[in-house]
Amino acid sequence: MNTSSPLDCPAWKKLEAHADTWRAARLAELLAGDPGRARQMVAAAPGVELDYSRQRVGALTLRLLARLAAERGFEEWREALFSGKKINTTEDRAVTHTALRASPVKFKPVDPKYTRVINLGTGGSDLGPRLLADAFGDGKRDVRFVANIDPVERERAVAGAQADSTLVVVVSKTFSTQETLENAKALKSAGFRNFIAVTANAKAAEQFGASEILPMPESVGGRYSVWSAAGFAGLLAIGGEAFAEFVSGGREMDEHFLQEPVESNVPALMALLGAWNVNFLGLGALAVLPYAHRLRLLPAYLQQLEMESNGKSVDRGERTVGYATCPVVFGAEGTPAQHAFMQLLHQGPQPVAADFIDCSVNEALSANARAQADALAYGTSEAELPPHRRHPGNRPSSILKFRQFTPRDLGRLLALYEHKVFTQGVLWNINSFDQWGVELGKQLANRILKGVA
Ligand code: F6P
């Protein structure tokens, strides 16, 4: 498997030279000068179409990017992921979140007496089920989430809850995370008795006194775990059928990712376009803008997925990389984002790339998503405008256009981004499946709490 530096790839060097010709190119002229561009620069995956005509790329760029993927050994790495090879080398583990979609976990029904569910977990043990519940919660149960060690969140989640009719789901792969364990102990002291633990550390969960343990595989990282029992509170919020749809959507995206050649493979294309923006055009940030209130928590979910996976500067050979890796990812739902931070994207001096996610909720939302992408690409052309009213344009973005947005589409979308992140890890020669950068802060906080620092 290729673990060399991408800097040694002939395609990388060609892309560097090629980027020089792109610095002066104007998207407005490209789009106006080639009416076929908008038709050609699209790729389809189940339920969704990627329009990348507003990216600062041409046919040669795409060929070179595809060549880079080949030189990085993309197909071999992809095969290694799906066949369960130990590609998480620093933790000596395989990476098996896609297997959870091929053979979904079966859950036992939950007693209807539980009208309140409280999920205790943080990071990947929180963001996925919270997103599912917020996006598609059917309101049949009151499902709440507590991630912070700040008691305010916990107090709000338990307000009005009765111990008998409340199920507490403690989700922690390690069962050693300070915030989650403190919250679990606090609920126990407050008289709550019905605890289910979702963990890979059954022993610690037994010691805590969980009445039931749902296993979480060691080989599934927190940020990839929503498909596992870690998604249980999400399932309780949206119902078993919708959860099964969600998982099948993920599986459909796996098939697409496995079968499509790079040129028409939506996750791989998004990864390559992202790397082009970061490494060759120098764009260090990516805004994710879902045009659906259901997806208001998606940016937080993707921040962990992208930045905890690829925010690294040591490669698979323990060498310091000599190139940029994961951009800063941020975002918010559209349209509210337009009235908050989009000013910077339109007129700030540091260009930011953007992913618009059009969920076809209604015409107004779709029109606004398209308008923002056009404004970023074309800018203003009227020479008579005073400088403060001009938009420079030439700012790249993609539009992911869903035909509709169901739990199945959410599964497709999350798996799409997972595979994008995986592909970028391959391009950057990074292990996307560990997270050593979070350890030091945990240790220091413990020392400070014990009064030894
Ligand atoms: O601190 C980072 C992290 O380890 C994430 O990777 C993980 O999703 C989260 O904390 C929660 O970890 P756990 O499920 O072990 O409590």
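All ligand and atom numbering here is 1-based and tracks the order in the structure.
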| query | Quick check: are there more than 12 heavy atoms from other residues, nucleotides or ligands sitting under 6.0 Å from CZ of Arg403? | reply | no
| query | How many angstroms lie between CG in Leu413 and CG in Leu295, if you round to the nearest 0.5 Å? | reply | 6.5 Å
| said: Does Tyr301 form a ring-ring contact (aromatic ring centres under 6.0 Å, His included) with Tyr417? I'd like the steps, not just the answer. | reply: CA-CA 10 Å; Tyr301 180 90; Tyr417 273 95; 9.2 Å; no
| said: Just to check, does Met216 reach to within less than 4.0 Å of ligand 1 when the distance is taken from its heavy atoms? | reply: no
| For Thr180 and ligand 1, does the shortest N/O to N/O distance drop below 3.5 Å? | no
| query | Can you find a non-hydrogen atom of Lys442 under 4.0 Å from ligand 1? | reply | yes
| query | Is there a donor-acceptor contact under 3.5 Å linking the side chains of Asn431 and Thr90? | reply | yes
| With respect to Trp12, which candidate in Trp276, Trp428, Phe280 satisfies the ring pair (Phe, Tyr, Trp, His ring centres under 6.0 Å) definition? | Phe280
| remark: Under 4.0 Å from one or more heavy atoms of Val438, ligand 1 contributes atoms 1 (O), 2 (C)
| query | Taking non-hydrogen atoms only, is Lys173 closer than 4.0 angstrom to ligand 1 via side chain, backbone, both or neither? | reply | both
| task | Return the residue, atom name and 0.1 Å-rounded distance of the protein heavy atom closest to atom 12 (O) of ligand 1. | result | Thr177 OG1, 3.6 Å
| request: Using distance alone, decide if ligand 1 has a nitrogen or oxygen within less than 3.5 Å of any nitrogen or oxygen in Gly124. | output: yes
| message | My understanding is that we take every heavy atom of each candidate and find the minimum distance to atom 6 (O) of ligand 1. Doing that for Glu439, Arg223, Glu308, which one comes out nearest? | response | Glu308
| remark: re atom 11 (C) of ligand 1, the protein heavy-atom contact at minimum distance is Thr122 O, 3.2 Å
| Can you check side-chain hydrogen bond (donor to acceptor under 3.5 Å, both in side chains) on Gln443 and Asn446, steps first, answer last? | CA-CA 5 Å; Gln443 286 161 18; Asn446 280 330; over 6 Å; no
| remark: Distance col, row Thr335:OG1 vs Asn368:CG, nearest 0.5 angstrom, shows 6.0 Å
| said: If the cut-off is 4.0 Å to any non-hydrogen atom of Gly222, which atoms of ligand 1 fall inside it? | reply: 8 (O)
| query | Short list, please: which atoms of ligand 1 are under 4.0 Å from a heavy atom of Thr174? | reply | 13 (P), 15 (O), 16 (O)
| Which atoms of ligand 1 have any heavy atom of Gln435 under 4.0 Å away? | 6 (O)
| field | Face-on cation placement of Lys188 at Phe208 ring, 6.0 Å and 45° thresholds | value | yes
